[in-house]
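Working notes, beginning with the structure itself.
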Amino acid sequence: MVSPRRNHARRDAVPEPIDLERVKRGVEGVQAWSDGEWQVRNIPSSAAVKAYRCPGCDQEIAPGVPHLVAWPADGRGDLADRRHWHTGCWRARERRTPNIQRSRSAPRYG
């Protein structure tokens with residue numbers, strides 16, 4: 001008979017302190033898409049303090065709404081090329097057509 005495994009934390013192991021600045025900046029990684037590689041950073045709701053315009057749906061990302069920031073990872077751009085996206089819009093961006101800006105008086109169809 002095998003005795004059950006014990007999952008107790010070691011007493012001499014000291015957990016690393018949480019870096020609050022890193023939590024505010026979000027988790028960063030590189031994603032490969034058909035249009036290249038992108039640096040992507042998730043922005044938690046606690047760090048979303050400004051309003052942004054999502055390039056995927058052209059709607060506002062309100063303060064306090066978790067979202068992500070993406071910019072080219074291959075050195076094609078700089079900090080001015082960062083764009084704030086709704087997470088769902090970022091995931092669906094290859095399935096969507098570009099959002100065309102129209103004036104209020106422009107015809108909707110045709």
Side-chain angles (χ1 to χ4, degrees):
M1 180 169 186
V2 177
S3 61
R5 184 175 154 191
R6 295 183 184 177
N7 290 326
H8 299 289
R10 292 179 53 181
R11 290 186 180 162
D12 59 345
V14 178
E16 289 188 33
I18 295 174
D19 183 1
L20 294 178
E21 284 304 311
R22 184 169 183 213
V23 170
K24 287 180 184 177
R25 285 192 311 265
V27 179
E28 189 174 310
V30 176
Q31 295 182 8
W33 291 78
S34 64
D35 59 348
E37 291 188 343
W38 296 85
Q39 284 286 122
V40 178
R41 178 182 295 155
N42 288 313
I43 306 298
S45 59
S46 61
V49 294
K50 290 174 43 180
Y52 295 97
R53 176 88 35 201
C54 175
C57 66
D58 198 38
Q59 299 296 312
E60 183 178 280
I61 302 171
V65 174
H67 61 282
L68 60 85
V69 178
W71 66 96
D74 59 3
R76 290 183 287 148
D78 58 7
L79 293 179
D81 293 318
R82 291 184 301 176
R83 296 292 178 262
H84 293 254
W85 291 75
H86 290 110
T87 305
C89 293
W90 174 256
R91 290 185 190 137
R93 69 191 186 96
E94 289 189 329
R95 296 188 307 264
R96 291 185 174 176
T97 58
N99 196 0
I100 299 169
Q101 297 282 337
R102 292 187 173 96
S103 68
R104 290 180 182 223
S105 60
R108 290 189 71 73
Y109 305 106

#### Entry: Polar side-chain atom of Arg83 near backbone of Ala70 as donor-acceptor pair, under 3.5 Å
no
### Task
Measure the acute angle between the ring planes of His84 and His67, then classify it against the limits of 30° and 60° as parallel, tilted or perpendicular.
tilted
### Query
Residues in side-chain hydrogen bond (donor to acceptor under 3.5 Å, both in side chains) with Glu60, at least two apart?
none
### Within residues 42-52 or reaching into it, pairs that qualify as salt bridge (charged side-chain N to carboxylate O under 4.0 Å, His left out) - sequence neighbours excluded
none
### With sequence neighbours excluded, residues passing side-chain hydrogen bond (donor to acceptor under 3.5 Å, both in side chains) with Trp38
Asp35
### Query
Are Tyr52 and Trp85 connected in the hydrophobic side-chain network, where two residues link if heavy atoms are under 4.5 Å apart?
no
### Message
Rounded to the nearest 0.5 Å, what separates atom CH2 in Trp71 from atom CG in Asp81?
### Response
11.5 Å
### Query
Who pairs with Val49 by side chain to side chain contact (heavy atoms under 4.5 Å, CB included), at least two apart in sequence or on another chain?
none
#### Entry: Residue list, side chain to side chain contact (heavy atoms under 4.5 Å, CB included) with Arg91, at least two apart or on another chain
Thr87
### Query
Counting N and O atoms only, with roles assigned by atom type, does the side chain of Glu94 sit under 3.5 Å from a partner on the main chain of Ser34, one being a donor and the other an acceptor?
yes
### Task
Kindly write out the residues that satisfy side-chain hydrogen bond (donor to acceptor under 3.5 Å, both in side chains) with His86, not counting sequence neighbours, or none if the list is empty.
none
### Closest non-hydrogen atom pair, Ala48 against Ile43
N-CG2, 4.0 Å
### Message
Less than 4.5 Å apart, side chain to side chain, heavy atoms only: is that true for Ser45 and Pro66?
### Response
yes
